[in-house]
Amino acid sequence: MTTELKLHNSLTRQKEVFEPLNAGYVGLYVCGPTVYSDVHLGNCRTFTSFDIIYRYLQYKGYKVRYVRNITDVGHLTDEGEDKMSKGARLAQLEPMEVAQKYTNGFHAMMAAFNNLPPNIEPRATGHIIEQIEMVQTILANGFAYEVNGSVYFDVEAFNARQNNDYGKLSGRRIDELLAESRELKSQDEKRSPTDFAIWMKAGEDHILRWNSPWGEGFPGWHLECSAMSTKYLGEAFDIHGGGNDLKFPHHENEIAQNVGSCGCGGARYWLHTNMLLMNGRKMSKSDGNTITPQQLFTGDSEHVSDSYSPMVLRFFMLQTHYRSTMDLTDAALQAAKKGYQRLMEAWASLGSLQATGGAQNGTVGKEMQTALAEAYAEMDDDFNTPKALAKVFELVSRINALKGGQLSLAEVNASTLQAVRTGLGTLLFDIFGLKEEGADAGAGQETLSKVMDLVLDLRAQARAEKNFAMSDKLRDALNAAGIVVKDGKDGAEWSVG
RNA sequence: GGUUGGGUGGCCGAGUGGCUAGGCACAGGUCUGCAAAACCUGCUACGGCGGUUCGAAUCCGCUCUCAACCUCCA
């Protein structure tokens, strides 16, 4: 079954058939983190969503250039202090030390979630020249003005000359923005509250500073994405992604900068992931409604009753569509943990199934082929992982029934079995990016396996002699050691956890 | 106040004019020495009020309500 890839374009608020600018190639830009503190769980959700999108595009045969930036300058706090500088001041480190520390942490966390690294991971501080050039171009085009060493984007001038397009991504209108703009501090230099800085003069105590035609300063927050996406993907490219909260003002201003500098709008498809909530509310450090990935991994938090591994969390994320808010609750995580285990056990069972029938495929075999094809088709529909997963679970119950004998293996021919193994494996591991946890324990695993063979052999002997006191004692002791024994019709099985 | 998107069974979460989403939980059953697992069956819902339609959770209007954004945020 082959279907066309459709995706929801935030620009048009519609699902559209995806057609790349250059056949066979995809340029994908995703707004990365500002590296001034530990990576937030919400970041993990967004980047995992785009990881699956990246993986799926590759599966579809596209040669993808995936660019995800690191913002290490320009992002100011409410007080107007650069986030990097603030982190450095508090920890008594060089700003670049702060950036490196949290970049390293970010990479480690991405690896824990089994997210593939992007092809290019440009840093804002590594592209000061490109940003200065873009400011110059925007100035030359008459969409910005300089005041006291700072350069501001002139939103109203831009809007007047661009068909009132400013705000089209987020649905905002300038007059409404003006009417509602609140009293903001230190914005006297701006001609209008909607204008935004593309270059800022550095104050005397500002550490991060570069020479520019306007004196020493630093680039505005939104500029790096425009400059770097243009540099690596071109003035027009295919897909731009990011969190929903970046739609306004970040992405809106990015578009304005792109149009203002080259007359073209950058990305043709905008994809936005939705927010991660906890217990129905946005995660927020200030009111205690927050949890770190690390706390989830260890279970060390008042918000959870158990520990949840990165793959359980990934599975949990797969159960929600990327454009929906996702509510993190302990009960939902418990459900995900069990669901993930059931899925992985079925995957292991699939490997042990042996076709017994002839070349003809029975009903069960056909149902399995259909379910698998439908799972893939769901991915074509705006990367609908929850629906694809639902189809996968239709396969899971067939696999379990075949293994348990409730369904006959004579109903499934060898080629179907092989096709399901290949197709499901690709979907689960290459596209969903799941992996079997604990399976890579290495040499210790092999030793344990041999010991377990011995123990289960002894236990089987005890059971054959109806020495149930002994067999139960063995099972209880193994349980206490974290090993679960399950008696099946073809002998006992065991698993860790 | 404005913008954007929601309100679905015990919980999470898809769907979007007629056809069982799925996961978890719960109850009954099959299997089993017991247990666990697995399988089968059941619980069959769409915020409220109107309207369109042969038919609406799905479309339209009104209303209540939640979240995010508008101020740093993935």
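For the numbers below, each heavy atom of this structure counts, side chains included, while hydrogens, waters and symmetry mates do not. Convention: sequence-line order gives letters A, B, ...; per-chain numbering from 1.
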Using the [atom1] atom as the reference point in each nucleotide, state the distance between [N] and [M] in Å, no decimals.
| N | M | atom1 | answer |
| --- | --- | --- | --- |
| B/U71 | B/G13 | P | 29 Å |
| B/G23 | B/G9 | C1' | 14 Å |
| B/C49 | B/C43 | P | 25 Å |
| B/G22 | B/A45 | C1' | 15 Å |
| B/A57 | B/U8 | C1' | 7 Å |
| B/G50 | B/C40 | C1' | 44 Å |
| B/G42 | B/U32 | P | 24 Å |
| B/G51 | B/G17 | C1' | 15 Å |

Below 4.0 Å: OP1/OP2 of [N] and any side-chain N or O of [X]:
| X | N | answer |
| --- | --- | --- |
| A/Ser324 | B/A14 | yes |
| A/Arg463 | B/U32 | no |
| A/Asn384 | B/G15 | yes |
| A/Arg342 | B/G23 | yes |

Have a look at [X] and say if it touches a base, only the backbone sugar-phosphate, or nothing, with a 4.0 Å heavy-atom cut-off.
| X | value |
| --- | --- |
| A/Asn479 | nothing |
| A/Gly32 | sugar-phosphate |
| A/His321 | sugar-phosphate |
| A/Lys466 | nothing |
| A/Ala332 | sugar-phosphate |
| A/Val485 | base |
| A/Gly242 | sugar-phosphate |
| A/Arg173 | nothing |
| A/Gly339 | sugar-phosphate |
| A/Asn244 | nothing |
| A/Leu276 | base |
| A/Ser397 | sugar-phosphate |
| A/Arg13 | sugar-phosphate |

Just how far, in rounded Å, is [atom2] of [N] from [atom1] of [X]?
| X | N | atom1 | atom2 | result |
| --- | --- | --- | --- | --- |
| A/Arg314 | B/G23 | CZ | C1' | 18 Å |
| A/Asp327 | B/A14 | CG | P | 11 Å |
| A/Gln406 | B/G29 | CD | P | 17 Å |
| A/Trp347 | B/A37 | CH2 | P | 24 Å |
| A/His250 | B/U3 | NE2 | P | 24 Å |
| A/Arg398 | B/U20 | CZ | P | 14 Å |
| A/Lys338 | B/C26 | NZ | P | 7 Å |
| A/Ile399 | B/G22 | CD1 | C1' | 15 Å |

(request) Determine, for A/Phe50 and A/Arg68, whether the Lys NZ or Arg CZ falls below 6.0 Å from the six-membered ring centre while staying within 45 degrees of the axis. (result)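 Checked: cation-pi criterion not met.
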(request) Assess whether one donor atom and one acceptor atom, taken from the side chain of A/Asp245 and the base of B/C72, lie less than 3.5 Å apart. (result)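 Between B/C72 and A/Asp245, which were checked side chain against base, a qualifying N/O pair under 3.5 Å is absent.
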(message) Please determine whether any donor N or O and acceptor N or O are separated by less than 3.5 Å between the side chain of A/Arg475 and the base of B/A35.
(response)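 Indeed there is one.
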[X] has a side chain; which of [options] sits nearest to it?
| X | options | answer |
| --- | --- | --- |
| A/Phe316 | B/C12, B/G13, B/C69 | B/C12 |
| A/His40 | B/C12, B/A74, B/A38 | B/A74 |
| A/Asn400 | B/A21, B/A35, B/A38 | B/A38 |
| A/Leu277 | B/C69, B/A67, B/A14 | B/A67 |
| A/Lys486 | B/G13, B/A74, B/A36 | B/A36 |
| A/Gln319 | B/C11, B/G23, B/C34 | B/G23 |
| A/Phe248 | B/C34, B/A14, B/C70 | B/C70 |

(request) Not counting sequence neighbours, list each pair that qualifies as a ring-ring contact (aromatic ring centres under 6.0 Å, His included) and has a residue in residues 386-406 of chain A. (result)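 For residues 386-406 of chain A, and leaving out neighbouring residues, there are no ring-ring contact (aromatic ring centres under 6.0 Å, His included) pairs at all.
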(request) Could you tell me whether a side-chain N or O of A/Glu252 sits under 3.5 Å from a main-chain N or O of A/Gly167, the two making a donor and an acceptor? (result)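 Between the backbone of A/Gly167 and the side chain of A/Glu252 there is a qualifying donor-acceptor contact (under 3.5 Å).
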(request) For RNA chain B, just give me the dot-bracket, please: Watson-Crick or G-U, both distances below 3.5 Å, ( ) intra-strand, [ ] crossing earlier pairs, | paired with another strand, . unpaired. (result) (((((((..(((.....[...))).(((((.......)))))....(((((..]....))))))))))))....
(request) Could you walk me through whether A/Thr34 and A/Tyr102 pass the side-chain contact (heavy atoms from CB on, under 4.5 Å) test, one step at a time? (result) CA-CA 9 Å; A/Thr34 302; A/Tyr102 293 114; over 6 Å; no
(message) Can you list everything that forms a salt bridge (Lys or Arg N to Asp or Glu O under 4.0 Å) with A/Arg314? Sequence neighbours excluded, please.
(response)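 Per chain and number, A/Arg314 pairs via salt bridge (Lys or Arg N to Asp or Glu O under 4.0 Å) with A/Asp51.
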(request) Check the geometry between A/Phe468 and B/G33 and answer yes if their rings are stacked (centres below 5.5 Å, planes below 30°), otherwise no. (result)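 Stack criterion met.
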(message) Nearest heavy atom decides the nucleotide; on that basis, is A/Leu41 or A/Gly404 closer to the 5' end of RNA chain B?
(response)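 So the residue in question is A/Gly404.
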(message) Pick the closest RNA chain B nucleotide for A/Arg45 and for A/Ala335 by heavy atoms, then say which residue is nearer the 5' end.
(response)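 Looking at RNA chain B, the more 5' nearest nucleotide goes with A/Ala335.
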Test: [X] and [Y] ion pair at under 4.0 Å:
| X | Y | result |
| --- | --- | --- |
| A/Lys473 | A/Asp476 | no |
| A/Lys201 | A/Glu189 | no |
| A/Glu345 | A/Arg342 | no |

Please tell me if the side chains of [X] and [Y] come closer than 4.5 Å, counting only heavy atoms from C-beta onward.
| X | Y | answer |
| --- | --- | --- |
| A/Leu5 | A/Phe383 | yes |
| A/Val412 | A/Met368 | yes |
| A/Leu328 | A/His303 | no |

(message) Taking the ring centre of each residue, are A/Phe316 and A/Tyr308 less than 6.0 Å apart?
(response)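 No: the rings miss the under 6.0 Å criterion.
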